[in-house]
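Taking it in order: structure first as structure tokens, then the write-up.
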Amino acid sequence: MRKLFQNLIEKRRSYRKYTDEKVSKEDIEKIVKAGLLAPAGKNNKHWEFIVVQKPDLLKKLSNAKPVSAEFISEASFAVIVCGDSTINPNTWIEDATIAATYMQLQSEEMGIGSCWVHMRTPTHESGIMSCEFIKSEFNIPQYLSVECVLSFGYPNETREAREYGDFNKQVHFETYE
Ligand SMILES: Cc1cc2nc3c(=O)[nH]c(=O)nc-3n(C[C@H](O)[C@H](O)[C@H](O)COP(=O)(O)O)c2cc1C
């Protein structure tokens, strides 16, 4: 089910409900490789991705913050998106978010739903930051920072395309007014 880019971005939605069908190893690799194709500041491609498929580990990720992550436990797989903030201290967040977006768009094209789960600033129920909780539970080395978690799976919900933003209010030419 290939979509042209315009169609892809017009129809793309976040999916938080997934069928039991597992995404194949080949398709997982294709999605993750899309992240590796993303641009990065100074071409320092410092990101590292941890692919999580085991149900107990998906459950652990879903508990990394108190709300808005619970659906990760139902995903076929998740990707912990990390960046090395020591290599690109000024742009590691931008670099990692572009890589995450590439993965989401690749999966959308393949008919595989995804949702971004913010993990950089929330807090785990223990009081430590969600990103630090994930680092310690998944043996992520200290030099890496966790930007977000992406959940993936075949959608078990139908979502309508969104309206565009307000062009006249949000887009300005030459100067603001
Ligand atoms: C930076 C960022 C952080 C997000 N964090 C979460 C999150 O923690 N949990 C969640 O369920 N959705 C999260 N989302 C998904 C947004 O809620 C979703 O993209 C937004 O509501 C627009 O819906 P759509 O993606 O279906 O167009 C996040 C999206 C972005 C871009």
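As the structure is a prediction and not an experimental result, all values here were calculated from the model. First listed ligand is number 1; within each ligand, the first listed atom is number 1. One-based numbering along the sequence shown.
The protein heavy-atom contact nearest to atom 21 (O) of ligand 1 is R162 NH2, 3.8 Å. Ranking the protein heavy atoms by distance from atom 7 (C) of ligand 1 puts W116 O, 3.5 Å first. Among all protein heavy atoms, the one lying closest to atom 5 (N) of ligand 1 is H118 N, 3.3 Å. At the shortest separation from atom 9 (N) of ligand 1 among protein heavy atoms lies S68 O, 2.9 Å.
In this model, no donor atom of one side chain and acceptor atom of the other lie less than 3.5 Å apart for Y164 and Q170.
Taking 4.0 Å as the cut-off between side-chain N and carboxylate O, K30 and E26 do not count as a salt-bridged pair. With salt bridges taken as basic N to acidic carboxylate O contacts below 4.0 Å, none links E108 and R12.
With ligand atoms numbered from 1 in the order given, ligand 1 contributes 26 (O) to contacts under 4.0 Å with heavy atoms of R159. Of all atoms in ligand 1, numbered sequentially from 1 with element shown, those under 4.0 Å from a heavy atom of S14 are 15 (C), 18 (C), 19 (O), 24 (P), 25 (O), 26 (O). Residue contact check: C115 has heavy atoms under 4.0 Å from atoms 10 (C), 11 (O), 12 (N) of ligand 1.
Residue K65 places a heavy atom under 4.0 Å from ligand 1. Taking a 4.0 Å cut-off on heavy atoms, F71 registers as neighbouring ligand 1.
Enclosure of atom NZ in K22 by more than 12 non-hydrogen atoms of other residues, nucleotides or ligands within 6.0 angstrom is indicated. Around CG of D20, the count of heavy atoms belonging to other residues, nucleotides or ligands within 6.0 Å does not exceed 12.
In the hydrophobic cluster analysis, where Ile, Leu, Val, Met, Phe, Trp and Tyr join through side-chain heavy atoms closer than 4.5 angstrom, F49 is grouped together with W116.
Closest heavy-atom approach to atom 15 (C) of ligand 1 among the candidates E147, R16, R12: R16.
For the residue pair E132 and Q142, the shortest heavy atom distance occurs at OE1-NE2, 4.3 Å.
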